[in-house]
Amino acid sequence: MTLSRRQLLKGLGWAGAGLTAIAGPAYALTPWPALPHRKAPSADDAAAWVSLRPDGRVELVLPRTEIGQGIAVSFRQIVAEETGFPLEHVMAIHPRSDRLPPTRATVGSDSIKDFGPLLAQASAALAAALKRDGIDSAAPPSGGWAAFVAKPRILAAAAINAAEPVSFKRGAVRRVVGKPAAMDQIRAIVTGDGSLYADDVRLPGMVFAAALRAPRLGATLDNVDDTAAHAIQGYLGLHHIKTGAFIAAATRGSLERCAAAVKAAWVGGDIADDVIARSIDIDSGLSRGALEHVIVQSGTLTRPFDIDLRLDVPMAAHASMEPRTAVARFDEHGGLEIWSGTQDVTFVHSVVAKSMRLSSDRVVVHGCRVGGGFGGKTICVQELDAALLARVLKRPVKIQWTRIDEFREAFHRPPSSHRIKARLTPDGGLDTWHHAFRSGHVIFTSAAMGTALQFATSFVGDPGVSRGALPPYVSAGTRVEFEDVRLPVHTGPWRSLGAASNIWAIETAIDALARKRREDGVAFRRRLIAPQWPRLRRALDRVAAEANWPALRSSPDIGYGVACGIYKDMSYAGVIAEVTRSRGRMRVTRLWCAHDCGMIVNPDQVRAQVEGNLVWGIGMALHEELGIVDGHLGATSFADYPVPRYSDVPNMIIDLVDAGDASTGAGETAIVAATAAITNAIAAMTGKSVTRLPWRDQTV
Amino acid sequence: MQVHEMSKIKAMPATERGSGDEDFGAIVQVGRRSIAYTPSKEVRMRFTLNGNEADIPSAFAEDRLLWLLRDHFHLNGPKYGCGVGACGACVVHVDGEAQRSCLLMAGDVGGRRVVTLEHLGAGRDGGLHPVQKAWIDAGVPQCGYCQNGLIMTAAALLAANPDATARDISAAMDDVICRCGTHQRIRTAVVAAQTSIRRRSR
Ligand code: FES
Ligand code: FES
């Protein structure tokens with residue numbers, strides 16, 4: 001049943017020249033190293049995204065995964081805008097490795113920015129080609145769509161480059177782009193009627209597997225006694241494969257019973273609970289002199305400092321609601337299919353093909369809807385486990401992580417420890433800004449790299465750790481330095497990478513300086529924002545106006561805080577928080593946000609992203625902390641890893657700024673300002689900076 | 001119940017399926033109901049599932065209700081989120097009450113009436129319960145994985161108490177986790193659903 005890429009392309013009708021080229025030997029036969037694909041998409045790639053179907057609809061193979069950010073509908077809007085086809089006649093299918101050229105992971109909030117304009121080009125080229133034949137959705141071909149599509153035509157890269165789309169053109173009149181439209185699959189989500197996620201994939205004869213998990217960090221398996229499991233109906237044995245020891249069973253119920261019956265003995269693993277705090281401690285790092293990586297050093301640093309703050313951010317979990325899940329099956333000819341809710345279909349495809357020694361055209365990865373990613377579903381783990389077991393068991397295999405696995409076996413946001421020292425000029429400018437921090441890894445992580453690569457990258461600063469560390473404020477003397485530290489736990493990308501932590505630290509320090517001067521937090525920031533960031537100043541002004549900031553007065557029981565930030569030099573947010581003290585707790589009771597990600601394709605989906613980011617800011621400020629307890633990661637469920645709940649989330653007033661600037665991204669922006677706005681509101685109540693996340697009542 | 005031979009269950013690639021919402025997933029569709037992996041030799045119990053009489057095969061009796069629903073009846077509404085009652089992703093209605101199907105054994109629902117998200121809107125306008133309709137109108141879902149629990153919890157609450165106060169709503173919805181942060185829209189949707197349910201009951 002496996003079709004080769006070439007066969008598939010022949011059947012497509014409008015096959016992209018780019019994909020045809022890629023489907024040739026270079027793609028099919030050369031085993032490339034299993035590294036994430038990082039290249040930006042090209043016109044050749046875009047040719048593979050849109051095609052005409054025999055039923056007269058446009059099919060869009062999503063080059064980006066739907067994670068709940070609304071990318072499917074937003075991309076469909078772009079296609080509908082350019083082709084003139086009604087939105088309902090543009091259908092999206094999830095990323096599939098046999099339908100897409102290698103595509104980089106759905107990370108970094110850059111789908112609209114880096115893929116949107118190209119998709120508009122390709123769609124406009126498709127429309128132009130149809131128009132030449134006098135055809136559009138209102139005037140179907142006389143012989144019918146099926147006959148028309150049966151004759152393959154090539155959508156060439158040159159035509160794509162030459163097209164003149166309107167979706168992102170400043171001032172253009174648009175019918176579909178820029179308007180709200182409902183999230184794809186929304187009906188299936190609210191009715192349960194549809195197969196959306198990897199766990200909804202059920203194959204005949206499919207069995208289930210689970211890894212034996214170490215009870216302590218760093219422990220290794222010594223021996224396993226599965227005698228008792230053999231007496232359990234459905235037990236399919238213990239399997240040592242490349243990636244670990246697994247048990248398999250016919251049903252999930254029997255798998256759970258077998259897991260409880262298997263006795264595994266583990267050795268080693270005696271990690272002290274305070275190892276993380278010690279490893280990243282900024283002060284012991286600074287006591288040994290300069291940190292390894294200096295991002296900026298300019299002017300002179302002058303003492304004494306007006307503030308000298310030690311700021312600490314704990315490890316945090318993605319805690320996506322959908323646990324990592326994969327299904328793998330071999331067909332009778334040895335071809336392998338994988339279903340997974342992954343943020344990186346290309347990477348999963350390349351890792352599996354390489355590790356299984358299968359030529360890449362023998363492996364098809366079907367990307368499913370992702371039930372929450374946040375940077376966590378970017379590596380290949382359960383997919384490879386499932387594939388290896390499907391080979392051993394000669395049946396389709398489903399692996400679904402348990403919630404405990406999610407906390408203990410996944411990678412997490414690294415903890416970080418910061419010191420910020422700053423000095424004011426006599427007239428209230430910044431004279432000296434010195435920010436030093438240590439953190440676990442984000443990009444060069446042990447979760448994704450073997451020891452050799454970890455070593456190879458150990459001389460380069462991890463760009464994920466340093467994201468957002470450059471302050472947007474003018475200072476006579478500035479030094480920003482950091483160190484990325486290997487930790488005994490897996491860390492990696494989490495919503496906004498290092499930016500949420502770094503900007504929280506910066507905005508906490510800036511607020512402390514404003515308080516020191518008894519100057520208004522908005523006015524102080526406005527004065528200091530560097531001239532190259534007018535959009536940040538505008539976001540700050542807009543949120544201040546929206547919240548009527550000058551009228552907000554903090555007291556010991558209610559506080560108002562402000563913060564602002566830039567994400568990846570492209571998107572801007574200003575946030576104001578109202579926090580109320582009630583019975584020893586701090587509750588966020590109102591949030592305002594002005595958000596600027598340039599021109600908006602779908603305001604409803606952007607708004608949803610801003611809401612999500614603000615909620616994550618509440619979590620960072622007041623709830624989330626993952627640590628080591630008794631030698632293992634100390635969370636097992638939502639009962640002991642608190643995330644914001646319904647009544648933790650206040651009314652959020654969101655102002656979307658769209659002044660026609662180029663479209664950027666919304667998935668990770670507001671969080672960079674939200675956390676500090678909340679903790680600054682607490683500081684406004686208490687007069688003391690919150691220096692450790694999450695906030696805890698120090699007086700108790 | 002209808003029993004399919006395993007050999008007759010046809011796997012169909014998503015690209016060959018219909019369009020729009022229902023076929024978006026690149027997922028293999030198999031029969032809504034099929035035989036369990038271990039065909040039951042002896043039928044132990046019956047219950048009502050989504051309006052129909054159904055058997056609980058003995059092989060599943062000691063399993064979580066969630067596995068019976070997902071793996072035997074191939075229902076996609078209830079989801080696994082934590083397995084310990086701490087997230088709500090698995091909520092179903094048992095005799096009209098919101099229950100966590102990860103905490104119940106399949107055998108516990110013998111003789112009882114189980115309704116999943118799939119059946120919530122049965123017999124209503126457009127096949128949607130007022131809560132589901134409000135959910136679509138408010139554009140609540142992001143990733144969508146948690147939404148079963150939110151919708152089933154809200155529907156059970158409003159059925160039991162159409163005049164639920166904001167405090168009642170908080171108490172119920174606080175027990176369902178949504179990591180994407182759809183809370184503000186949940187509030188909008190629950191209030192809209194409540195208004196529509198009250199109007200109808202008048
Ligand atoms: S899966 Fe049942 S409550 Fe989480
Ligand atoms: S919509 Fe993703 S967890 Fe709620």
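In what follows, every chain begins at residue 1, and chains take the letters A, B, ... in the order their sequences are listed.
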**Prompt:** Where do Thr191(A) and Gln132(B) come nearest, in terms of heavy atoms and distance?
**Reply:** CA-NE2, 3.6 Å
**Prompt:** Salt-bridged, Arg179(B) to Glu406(A), with N to O below 4.0 Å?
**Reply:** no
**Asked** Contact part of Ala249(A) toward chain B, heavy-atom cut-off under 4.5 Å: side chain, backbone, both or neither?
**Response** neither
**Asked** Between Gln400(A), Arg495(A), Gln609(A), which shows the greatest number of heavy-atom pairs under 4.5 Å with chain B?
**Response** Gln400(A)
**Request:** Check for a donor-acceptor pair, side chain of Gln184(B) on one end and backbone N or O of Met652(A) on the other, with a separation under 3.5 Å.
**Result:** yes
**Prompt:** Is the closest side-chain heavy-atom distance between Gln605(A) and Gln142(B) below 4.5 Å?
**Reply:** no
**Asked** Between Cys146(B), Ala86(B), Pro78(B), Ala172(B), which residue shows the highest count of heavy-atom pairs closer than 4.5 Å to chain A?
**Response** Ala86(B)
**Closest-packed option against chain B by number of heavy-atom pairs under 4.5 Å, given Thr636(A), Val615(A), Leu614(A), Asp199(A)** = Asp199(A)
**Message:** Keeping Asp174(B) on the side-chain end and Arg645(A) on the backbone end, is there a donor-acceptor pair under 3.5 Å?
**Reply:** no
**Prompt:** When you check the gap from the basic side-chain N to the acidic O, do Glu256(A) and Arg64(B) get nearer than 4.0 Å?
**Reply:** yes
**Message:** Using heavy-atom distances under 4.5 Å, tell me whether Asn148(B) contacts chain A through its side chain, its backbone, both, or neither.
**Reply:** neither
**Prompt:** Would you say the side chain of Tyr646(A) lies within less than 4.5 Å of the side chain of Ile186(B), judging by non-hydrogen atoms?
**Reply:** yes
**Prompt:** Would you call Ile67(A) and Cys143(B) a side-chain contact if the rule is heavy atoms closer than 4.5 Å?
**Reply:** no
**Asked** Of the listed residues (Ser170(B), Cys87(B), Gly77(B)), which shares the most heavy-atom pairs with chain A below a 4.5 Å separation?
**Response** Ser170(B)
**Prompt:** What are the two closest heavy atoms between Gly192(A) and Leu117(B), and how far apart are they?
**Reply:** N-CD2, 3.5 Å
**Message:** If you count heavy-atom pairs within less than 4.5 Å of chain B, which of Gln69(A), His89(A), Arg257(A) leads?
**Reply:** Arg257(A)
**Message:** Do Ser320(A) and Tyr145(B) have side chains that approach each other closer than 4.5 Å (heavy atoms only, starting at C-beta)?
**Reply:** no
**Request:** May I have all residue pairs that pass salt bridge (charged side-chain N to carboxylate O under 4.0 Å, His left out) and include part of residues 120-140 of chain B, sequence neighbours excluded?
**Result:** Lys133(B)-Asp137(B)
**Prompt:** Nearest heavy-atom pair of Glu611(A) and Arg185(B): which atoms, and what distance?
**Reply:** OE1-NE, 3.0 Å
**Prompt:** Quick one: of Met152(B), His129(B), Arg70(B), who has the most non-hydrogen atom pairs under 4.5 Å with chain A?
**Reply:** Arg70(B)
**Item:** Interface moiety of Ala182(A) toward chain B, non-hydrogen atoms closer than 4.5 Å
**Value:** neither
**Message:** Out of Gly253(A), Pro644(A), Pro650(A), return the one with the most heavy atom pairs under 4.5 angstrom to chain B.
**Reply:** Gly253(A)
**Request:** May I ask you to name which of Ala639(A), Gly372(A), Ser637(A), Pro323(A) has the most heavy-atom pairs under 4.5 Å with chain B?
**Result:** Pro323(A)
**Prompt:** Asn613(A), Val643(A), Val327(A), Val90(A): which one forms the most heavy-atom pairs within less than 4.5 Å of chain B?
**Reply:** Val643(A)
**Message:** Looking at Cys82(B), is its backbone amide N or carbonyl O close enough to the side chain of Arg403(A) to form a donor-acceptor pair, meaning the two atoms are under 3.5 Å apart?
**Reply:** no
**Spacing of Trp401(A) atom CH2 and Tyr80(B) atom OH [to the nearest 0.5 Å]** = 12.0 Å
**Prompt:** Can any side-chain N or O of Arg187(B) pair as donor or acceptor with the backbone N or O of Val649(A) at less than 3.5 Å?
**Reply:** yes
**Prompt:** Do you know which two heavy atoms are closest between Gly144(B) and Tyr197(A), and how far apart they sit?
**Reply:** C-OH, 3.0 Å
**Item:** Region of Ile136(B) in contact with chain A, defined by heavy-atom distances below 4.5 Å
**Value:** both
**Request:** With sequence neighbours excluded, tell me which residues meet salt bridge (Lys or Arg N to Asp or Glu O under 4.0 Å) with Lys79(B).
**Result:** none
**Complete:** Scored by heavy-atom pairs under 4.5 Å with chain A, the best of Val84(B), Leu128(B), Leu120(B) is Leu128(B)
**Asked** Is the closest basic N to carboxylate O distance between Arg252(A) and Asp63(B) below 4.0 Å?
**Response** no
**Prompt:** Is there a side-chain contact between Asn76(B) and Leu196(A), using heavy atoms and a 4.5 Å cut-off?
**Reply:** no
**Message:** Do Ile151(B) and Val190(A) make a side-chain contact, defined as non-hydrogen atoms from C-beta onward lying under 4.5 Å apart?
**Reply:** yes
**Heavy-atom side-chain contact between Ile618(A) and His183(B) under 4.5 Å** = no
**Request:** Could you give me the CA-CA distance, side-chain angles and deciding distance for Cys178(B) and Met321(A), then say whether side chain to side chain contact (heavy atoms under 4.5 Å, CB included) is met?
**Result:** CA-CA 7 Å; Cys178(B) 170; Met321(A) 287 305 301; 5.8 Å; no
**Request:** Measure the OG-CZ distance between Ser647(A) and Arg167(B) for me, rounded to the nearest 0.5 Å.
**Result:** 10.5 Å
**Message:** If I take atom OG from residue Ser254(A) and atom CH2 from residue Trp67(B), how far apart are they, to the nearest 0.5 angstrom?
**Reply:** 11.5 Å
**Asked** Less than 4.5 Å apart, any side-chain heavy atom of His74(B) and any of Asp200(A)?
**Response** no
